[in-house]
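For reference, the structure is listed below as structure tokens.
Just so we're on the same page: letters track the sequence lines, and every chain starts at 1. None of these values were measured; they are calculated from a predicted model.
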There are 2 protein chains.
Amino acid sequence: MFARVNNALQPRPSILTAFGSDGALAARLASSWFEYKKDTEIYEEDEAADYVYEVITGAVRSYKLLSDGRRQIGAFHLPGDIFGLENGSEHRFTAEAIVDTSVQLVRRFSLEAVAKHDAMVARNLLCMTTNKLRHAEDHMLLLGRKTALERVAAFLLEMDSRLAAAGVMLLPMARRDIADYLGVTLETVSRALSLLHSKGVLDFVGNRQRHIVLLDRTQLARFDAQN
Amino acid sequence: MFARVNNALQPRPSILTAFGSDGALAARLASSWFEYKKDTEIYEEDEAADYVYEVITGAVRSYKLLSDGRRQIGAFHLPGDIFGLENGSEHRFTAEAIVDTSVQLVRRFSLEAVAKHDAMVARNLLCMTTNKLRHAEDHMLLLGRKTALERVAAFLLEMDSRLAAAGVMLLPMARRDIADYLGVTLETVSRALSLLHSKGVLDFVGNRQRHIVLLDRTQLARFDAQN
DNA sequence: CGGGGGCTTGAGGCCACTCAACGATAGTGG
DNA sequence: CCACTATCGTTGAGTGGCCTCAAGCCCCCG
């Protein structure tokens, strides 16, 4: 399951600073470093939530399944994102590496122990939960009321703001993942992208279909629904 | 806007106990009592979030709008529910009374001041946010992947668990509200209810179409999608 | 008792889904 | 290094579930 394990403290313990490390925090919290191969499970829904993760490189999908296989991806986790943080004792999603992914992690129990005495850490826990809630609330509007084209446009704008470098983004996820995130089929995603391409809003770089350049963010925003 | 105002402490300050009142809390937090007529706004999206509310009697809908009028209701708030609690400075939804509704409220600022010194109150804030997140996550699965019939069945089961008394529930919300909560049209909701009625799963009491009796919860659960 | 709003039901249309074929790409093994 | 193969993405044709539009009923309320 774990491709590589390293229990030593890493040179960049960002999962600690994310919770508001005050210097003393790093000394009390041991963090580990794991790597997951593409398409391997990190944790499963209803599994005990013993660890909290931060994506260092790669990408992760969090999803729920219905018994007949229908899947809803609730979020993509990109480098710098914290995931797997639960208030209850079990994970509410299954998490899988989308591509080869390295994560840093800390024991949830340790984190809670620190939070009990450090108000700043506790406040950061609340803030992270609030951010996840904000995303979920926006996504409910997308899933409940937006058209297929609007969903794809919104997705591109979200990814652009999260992982674009110099106007180019390399999407780590396949069409099926995008589709299950947006509540449509993969064919519909493909058709929407083709349409946006034909309208001159985006372009594909080289032969790699997941390398996308946004040519005109303003024009793309007009394909999304205005709030 | 406010039908009645009463700044005195109420005999049942449940909004205080909800945050983990230790007796001393009630003394430091002044709570008020307001009433809202049916279909009046309690607060608007992006408005400053100065108060936190608890439904005493009635029902409230929280929703987002797109510029062309499409509406997504994120949650219904029923007696005992806390709503309007934000971590940021502005409300993320518009809240309206569905029927004549009485609420108890406290200043958000006061609550934060107390939370700063009372770890239990702070923990309760996190817990409430977590519960809202859990609901939003489940609702994303419903909106993204369930069929119309499954959505209506899930809605009935949710409402049954929240407001059923002796197998009968009086739904405070209209078909349009249910539709905007489930991401379908009101006609689709009506058709699904008719179908469930014809299958003998539920019945309408008297001539009031919002009085519903669930005849067989087990059978109804089979119309919902299994997780 | 008349008017209006909410609910139901029907008819028809459309958007997204399903099924299918094909091309391109990346990974595999000879 | 190159065929071979599996996977991914695109595109087309046809279907279907939900939406739109409309009519009519019932209840509530003035």
Q. Counting only N and O atoms by type, is there a donor-acceptor contact under 3.5 Å from the side chain of B/His139 to the main-chain atoms of A/Glu137?
A.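 No, because the side chain of B/His139 does not come within donor-acceptor range (under 3.5 Å) of the backbone of A/Glu137.
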Spacing of [X] atom [atom1] relative to [N] atom [atom2], expressed in whole Å:
X        : N      : atom1 : atom2 : value
B/Asp180 : C/dG6  : CG    : P     : 13 Å
A/Asp100 : C/dG27 : CG    : P     : 10 Å
B/His211 : D/dC26 : NE2   : C1'   : 15 Å
A/Leu193 : C/dA24 : CG    : P     : 19 Å
B/Ile212 : C/dC7  : CD1   : C1'   : 12 Å
A/His197 : D/dT10 : NE2   : P     : 10 Å
B/Leu195 : C/dT8  : CG    : P     : 13 Å
B/Arg151 : D/dC18 : CZ    : C1'   : 10 Å

**Q.** Parallel, tilted or perpendicular, as decided by the 30° and 60° cut-offs, for the rings of A/Tyr43 and A/His91
**A.**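 Answer is parallel, since the angle falls under 30°.
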Q | Basic-acidic side-chain contact under 4.0 Å: A/Arg61, A/Asp180 | A |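 Answer for the salt bridge query: no.
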Q. Counting heavy atoms not belonging to B/Arg176, are there more than 12 under 6.0 Å from its CZ?
A.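 No, CZ of B/Arg176 has 12 or fewer neighbouring heavy atoms, counting only those of other groups under 6.0 Å.
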Q. Would one find more than 12 heavy atoms of other residues, nucleotides or ligands at under 6.0 Å from atom CZ of B/Arg107?
A.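 No, CZ of B/Arg107 has 12 or fewer neighbouring heavy atoms, counting only those of other groups under 6.0 Å.
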Q) Are B/Lys146 and A/Leu66 side-chain neighbours, meaning at least one heavy-atom pair lies under 4.5 Å? A)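 In short, these two side chains touch, coming nearer than 4.5 Å.
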(Q) I'd like to check A/Leu156 versus A/Phe223 (side-chain heavy atoms, cut-off strictly below 4.5 Å). Are they in contact? (A)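 When only atoms from C-beta onward are counted, A/Phe223 and A/Leu156 do not touch, as no gap falls below 4.5 Å.
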Q: Would you mind building the protein contact string for nucleotides 9-19 of chain C? One character per nucleotide, 5' to 3', B for base within reach (heavy atoms under 4.0 Å), S for sugar-phosphate only, - for untouched.
A: BBB----SSBB
Q.
Just to verify, what does B/Arg222 make a salt bridge (Lys or Arg N to Asp or Glu O under 4.0 Å) with, not counting sequence neighbours?
A.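 Salt bridge (Lys or Arg N to Asp or Glu O under 4.0 Å) check on B/Arg222 returns nothing, list empty.
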Q. Which heavy-atom pair separates B/Leu143 from B/Arg151 by the least distance, and what is that distance?
A.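 Minimum heavy-atom contact is O-NH2, 3.1 Å.
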Q) Does the side chain of A/Arg175 get closer than 4.0 angstrom to OP1 or OP2 of D/dT7 through an N or O atom? A)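 No.
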**Q.** Global bending angle along the helix from C/dC1-D/dG30 to C/dG30-D/dC1, which compares the axes of five pairs at either end, to 10 degrees
**A.**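 The angle, to the nearest 10 degrees, is 40°.
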